[in-house]
Amino acid sequence: MPELPEVETVRARLEPALVGRRFDRVDIRDSRVTRPVEPMEVAAELEGEVVEAVERRGKYLIVRFQTGRVLLIHLRMTGTLRHARDGVPEHDPHLRVVVNLDDGSDVMYRDVRRFGTWLLLEPGDDTAYLAARLGEEPLTRSFTPAALAARFQGRRAPVKAALLDQRAAAGMGNIYADESLWRARIHPLRPAGDLDETEVKRLHKAVREALKAGIARQGTTLRDYRTPDGAPGRMQTELRVYGREDEPCRRCGSTIAKMRAAGRGTWYCPTCQPVGSNGAEAGP
DNA sequence: AGGTGGACCCGAACGC
DNA sequence: TGCGTTCGGGTCCACC
């Protein structure tokens with residue numbers, strides 16, 4: 001599932017391919033992509049637009065045009081973007097959008113489960129849209145232990161749920177939430193507001209390190225995720241807990257356990273991440 | 001108000 | 001073997 005590291009990898013690869021390019025022709029084949037707006041309408045609006053910048057905020061990919069208009073792309077679960085110069089595959093039932101660029105190359109948007117969205121906004125409208133949904137960017141300086149603590153303040157929800165809230169750390173998803181909690185040695189079900197200063201500090205550092213590790217390896221490919229070149233990421237072999245049920249903890253050797261937290265599959269080390277304690281004495 | 005759970009999707013994995 | 005069922009996950013939304 002594309003989370004911050006995956007979307008950032010896509011952004012970094014698309015940026016040089018898109019900046020300065022004009023959208024010559026846009027073919028939106030699935031009405032779900034632009035719902036409730038008609039695909040034809042969005043396609044017509046996009047044709048002729050010239051890309052000024054390709055940015056990212058949380059899990060949103062932001063394509064900024066010279067007119068000031070902004071295209072927000074969210075890949076959700078199975079969305080992938082590909083950039084290629086060798087044409088478009090003829091038989092791909094999951095191909096949802098094809099953009100022909102003015103240099104002859106194409107951007108292809110593929111999405112098996114059809115959760116992903118393309119939202120075209122008028123100049124200036126992106127700021128409020130994103131601000132309403134997202135908190136701090138976890139890899140910028142404004143993401144501080146104090147900022148994270150403020151988000152957790154008074155919350156009785158499990159820390160995993162609080163961490164998945166995009167207003168706590170924009171771009172966090174199920175994989176990196178588990179990885180962060182393992183790094184910080186905090187049990188996923190600890191009430192967020194119960195974490196002491198030391199724990200929040202550990203978690204803050206863990207979040208940044210887990211996300212950076214993902215970016216360094218071009219993301220985690222478990223099934224659908226690919227970079228815009230079609231290559232898989234390399235983070236999946238480096239994961240510490242996610243998906244590693246019954247395997248040994250890489251820190252203490254205990255058996256990794258799986259449970260359900262915040263309605264999601266959740267993996268953790270019962271020894272390194274003890275419930276009902278601050279975990280200060282656990283693990284090396 | 002804050003927290004929880006279902007809906008939206010569909011391929012893969014699972015169960016009989 | 002083959003078919004039906006369950007699972008999963010980001011975000012939104014209805015409901016406690």
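As a basis for the values below, the full set of heavy atoms in this structure was taken, side chains included, without hydrogen atoms, waters or symmetry mates. The structure presented is a predicted model; accordingly, all values stated were derived computationally and were not measured. Note on naming: letters A, B, ... go to the chains in the order of the sequence lines (proteins, then strands), and numbering restarts at 1 for each one.
For the residue pair A:K258 / A:T266, no side-chain donor-acceptor distance below 3.5 Å is found, with atom types taken as modelled.
With hydrogens and angles left out, the side chain of A:R113 and the base of C:dG8 share a donor-acceptor pair within 3.5 Å.
Side-chain nitrogen and oxygen atoms of A:Q166 include at least one within less than 4.0 Å of the OP1 or OP2 phosphate oxygen of C:dT11. OP1 or OP2 of C:dT11 has not a single side-chain nitrogen or oxygen of A:R133 nearer than 4.0 Å. Residue A:H74 places at least one side-chain N or O closer than 4.0 Å to OP1 or OP2 of C:dT11. For the OP1/OP2 pair of C:dG9 and a distance below 4.0 Å, the side-chain nitrogens and oxygens of A:Y242 include at least one atom meeting the criterion. Under 4.0 angstrom from either OP1 or OP2 of C:dG9 there lies no side-chain N or O belonging to A:R223. Between A:K258 and C:dG8 there is a side-chain polar atom (N or O) within less than 4.0 angstrom of OP1 or OP2.
Atom-to-atom, CG of A:D165 to C1' of C:dC13 comes out at 15 Å; the value is rounded to the nearest Å. Spacing between atom CG of A:D92 and atom C1' of B:dG11 amounts to 14 Å, rounded to whole angstrom units. Summarising the geometry, the separation between CG on A:D111 and P on C:dT11 is reported as 13 Å, rounded to the nearest angstrom. Protein atom OH of A:Y225 is 22 Å distant from nucleotide atom C1' of B:dA12, rounded to whole Å.
Relative to the ring axis of A:Y129, A:R133 places its NZ or CZ within 45° and under 6.0 Å from the centre.
Between A:H94 and A:R155, the residue whose closest nucleotide on DNA chain B is further toward the 5' end is A:R155.
Using a cutoff of 4.0 Å between basic side-chain nitrogens and carboxylate oxygens, A:E179 and A:R183 are not scored as salt-bridged.
Results of the side chain to side chain contact (heavy atoms under 4.5 Å, CB included) test with A:D30 over A:T34, A:V33, A:I28 single out A:V33 as the only residue that passes.
Residue A:A157 places its side chain closer to B:dT4 than to any other of C:dG8, B:dT4, C:dC12.
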